[in-house]
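Take a look at the structure below.
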Amino acid sequence: MAAVEESDHLKSLIISTAQELWEDKEALGKFLNVVRRSEGFVKLADTLEQSEVRPAKPTFFGVKSTEFQE
């Protein structure tokens, strides 16, 4: 159970950070390249990078963690 909660916290942090970096595509690309090095987050990084619109709040992606939300 703790691994699932940790995964949700990390997903929430990744999505929230992508939202903040959205306008700076160079910084966003560098951040997503770092995320890709983390086991299990390659697909999330690819999805965020290919998106043409700013990511929705983490809860939209089914992430239950509210730790990093406004």
Side-chain angles (χ1 to χ4, degrees):
M1 183 75 168
V4 172
E5 289 177 15
E6 182 177 318
S7 177
D8 275 354
H9 289 300
L10 289 172
K11 285 179 187 175
S12 180
L13 178 59
I14 291 166
I15 294 166
S16 295
T17 303
Q19 286 178 321
E20 293 300 316
L21 294 175
W22 191 254
E23 299 300 324
D24 186 344
K25 296 301 183 187
E26 184 176 341
L28 177 62
K30 288 178 182 179
F31 171 71
L32 293 176
N33 283 335
V34 171
V35 170
R36 282 188 187 89
R37 295 182 204 153
S38 303
E39 187 176 328
F41 295 106
V42 173
K43 185 176 178 183
L44 177 60
D46 290 346
T47 299
L48 289 170
E49 188 166 59
Q50 293 170 6
S51 177
E52 294 183 13
V53 295
R54 185 185 298 265
K57 295 225 178 275
T59 51
F60 179 81
F61 290 92
V63 178
K64 294 181 174 87
S65 171
T66 59
E67 183 175 359
F68 301 105
Q69 296 177 26
E70 296 171 357

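- In terms of heavy-atom proximity, Ile15 sits nearest to Pro55 at CG2-CB, 4.1 Å.
- With rounding to the nearest 0.5 Å, the separation of CG in Leu32 from CD1 in Ile14 is 8.5 Å.
- For residues 38-48, every residue pair satisfying the salt bridge (charged side-chain N to carboxylate O under 4.0 Å, His left out) rule, not counting sequence neighbours, is listed here: Arg36-Asp46.
- Residues Ser12 and Ser16 have side chains in contact (heavy-atom distance under 4.5 Å, counting atoms from C-beta outward).
- A distance of 7.0 Å separates CD of Glu49 from CG of Leu28, quoted to the nearest 0.5 Å.
- For Thr17 (side chain) and Leu13 (main-chain N/O), a donor-acceptor pair under 3.5 Å exists by modelled atom type.
- The two atoms that bring Phe41 and Lys11 nearest to each other are CE2-CG, 3.6 Å, heavy atoms only.
- Val42 has its side chain out of reach of Val35: every pair of non-hydrogen atoms, C-beta onward, lies at least 4.5 Å apart.
- Taking both residues in full, the closest heavy atoms of Trp22 and Leu48 are given as CZ3-O, 3.7 Å, listed atom of the first, atom of the second, then distance.
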